[in-house]
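So the structure is just underneath, and the comments pick up after that.
This is a predicted model, so every value here is computed, not measured.
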Amino acid sequence: MALLQISEPGLSAAPHQHRLAVGIDLGTTNSLVATVRNGISVVLNDENGRAMLPSVVRYLADGSVAVGEAAQAMQSEDAANTIVSVKRFMGRGIKDVGEISRLPYRFADTPSSFATSGGSGQAASPLATSGGSGQGGMLQLRTVAGVKSPVEVSAEILKVLRIRAEAALGGELVGAVITVPAYFDDAQRQATKDAARLAGLNVLRLLNEPTAAAIAYGLDNAAEGVYAVYDLGGGTFDISILRLSRGVFEVLAANGDSALGGDDFDQRIHCWLLEKNCLSALGPQDTRLLLTHARAAKEQLTDHAETRITAVLSNGEVIDNILTQAEFQAMSQNLVQRTLQPLRRALRDAQLGVADIKGVVMVGGATRMPQVQHAVEEFFGQTPLTNLDPDKVVALGAAIQANLLAGNRGGDEWLLLDVIPLSLGIETMGGLAEKIIPRNSTIPTARAQEFTTYKDGQTAMSIQVVQGERELVSDCRSLAKFELRGIPAMVAGAARIRVTFQVDADGLLNVSAREMSSGIETAITVKPSYGLSDAEITRMLQDSTQHAQDDMQARSLREQQTEAEQLLEAVQHALELDGDLLDQAERTRIETRMGALRNTLQLADHLAIKRAVTVLNDVTVGFAQKRMDKSVAHVLAGKNISELEVK
């Protein structure tokens, strides 16, 4: 039962002052949007009552885009142009994607998105630019509609969720909180933010998925104590240790694997099918077909001891195998074990033991697998908490945060203290990574450290910003490079250069460098090397604006088609019930107009459909009157006037 909100006289917010904000779970497999209504967080359904939108996008040759169920239905037939699990590509280059040859996509060349900074004549930088591991651009996908980045693909998913929310809430959104895996690095977070901007969303905050789940769970159950949030989604795995106390959500530690998820379990079944049937080097269509059946088999084995996998390959060969739950658990055992290593690291970072954990919250559809639940129960020595839907809990928590950030008053006062998942620092001489902000630091945060020059007379310094836990820059991800010029010529080691890192609530970074004696300073808002440049984002936004008219026409067409289909169904039903009220000429006239409307529905012309609807409405006016007269006569049958008098 929801509690009533009681305000002091004159302090209650007027209904029109409620600002519309949503929480969005941009998932690898499915995505959701939620909002707060009457103090309760709820998931918003589409027009067919479905909460989850499959995170699948299909590009067609005519430039149109299908998102969700329509795209998912064609993922085997048109594998190269139907993008699934795009979240695994966000902020990533070709070399970051494992087993790329197994994927059914056509990848485009991606030049580096930033140039290496060069030093001035005599200024050899003490921060040698040996180069990190992340200096390539984000991978690009070739489709029949042109080259698309993962950001553009994700934007199509977010756009559908935005339209759904605006239709359900009846107005324009103030903004959205979008969730990301806790172990997403700066490049992946920036790519997510770029996608939201491209979709027309104002991002109030990027929120770690396990933290969002804790918010939903904690506020719903008034929980107190230390909790572990085990989040195994379609493409990523995260573990977060949180302390919930008197309305304060404090993330003590976060760990995980951004390249481990439910998709990997599907891949194991796929490989099993190949081995079982002595198959190799399948084409894109057959590969996607088997992966689709593998995912269905995985879901079946959640509740059944065995499942039958039947498929017909493009060459006519029939696949027909029975997979048992025991076999599936054996082939996926090492994947489950891979999730336990981050658990141990997170507990160690939080300086806690298993006995300190009060409860374990399960998040993500992949946590429904029995072998996962058993492993977590065995590790923590307690049954995991599953009283909230693991598919919806992240979106529900994000909606609560969005409602708060939008400025709407709520009954719960709470504070969120999140952490940065990966250390941030700069490159020093010898290609070493000097950490300035260590991982699991509470955000927002700011820290500074002083460096000096390496050579006499040095007047410039090249600074490379890196992220990761390794000691060598070559093992970390390079985020950006910039230069500080105009350093007064001094002997080596005399200059004092203060480098300041500031991380905002989204986990995104700003870096500045200042020479202390002269006061010269330079700064950079880190645009990760795998993110999109401002020019690229501007180009995409311009494309979106240019196609706004097309989008409006497409929407008008679909609305008119829906109205026409409803009218045809209603008239057909009326004819079946009361067709005897019409003479042959009247019935023929109505059926002729119905046929004309059906023919017009095949045309992509909403005005023509609207005219045909109007004509059919006009010719059925007399029929409607006759049906009304029949109903009235039926009601009055056997009555006398005295019984009808108003008393």
With heavy-atom distances below 4.5 Å as the criterion, would you say the side chains of [X] and [Y] are in contact?
X: Ser55; Y: Thr28; value: no
X: Leu601; Y: Gln561; value: yes
X: Leu242; Y: Val361; value: no
X: Pro342; Y: Phe237; value: yes
X: Val36; Y: Gln401; value: no
X: Ile178; Y: Thr192; value: yes
X: Leu207; Y: Ile215; value: yes
X: Leu141; Y: Phe107; value: yes

Is [X] salt-bridged to [Y], cutoff N-O under 4.0 Å?
X: Arg162; Y: Glu166; value: yes
X: Asp185; Y: Arg92; value: yes
X: Arg205; Y: Asp504; value: no
X: Arg88; Y: Asp264; value: yes

For [Y], is there any backbone N or O sitting under 3.5 Å from a side-chain donor or acceptor partner on [X]?
X: Asp231; Y: Asp238; value: no
X: Asn30; Y: Met52; value: no
X: Asn38; Y: Ile40; value: no
X: Arg268; Y: Leu335; value: no
X: Gln572; Y: Glu569; value: no
X: Arg288; Y: Gln75; value: yes
X: Arg164; Y: Ala51; value: yes
X: Ser332; Y: Phe265; value: no
X: Thr82; Y: Ala79; value: no
X: Arg19; Y: Ala406; value: yes

State, to 0.1 Å, how close [X] and [Y] come at their nearest heavy-atom pair, and which atoms those are.
X: Val393; Y: Ala213; answer: CG2-O, 3.8 Å
X: Ala228; Y: Ile239; answer: CB-CD1, 4.1 Å
X: Glu69; Y: Pro54; answer: OE2-CD, 3.2 Å
X: Val33; Y: Val22; answer: CG2-CB, 3.7 Å

Heavy atoms of other groups near Glu77 CD, more than 12 under 6.0 Å: yes
CE/Met594: more than 12 non-hydrogen atoms of other groups inside 6.0 Å: yes
Criterion side chain to side chain contact (heavy atoms under 4.5 Å, CB included) against Arg593, the qualifying member of Val613, Val571, Leu616: Leu616
The single option from Asn403, Leu204, Leu206 passing side chain to side chain contact (heavy atoms under 4.5 Å, CB included) against Val177: Leu204
Pairwise distance CG(Asp25) to NZ(Lys392) - rounded to 0.5 angstrom: 12.0 Å
Atom pair CZ (Phe89) and CD1 (Ile94), whose distance is rounded to the nearest 0.5 Å: 8.0 Å
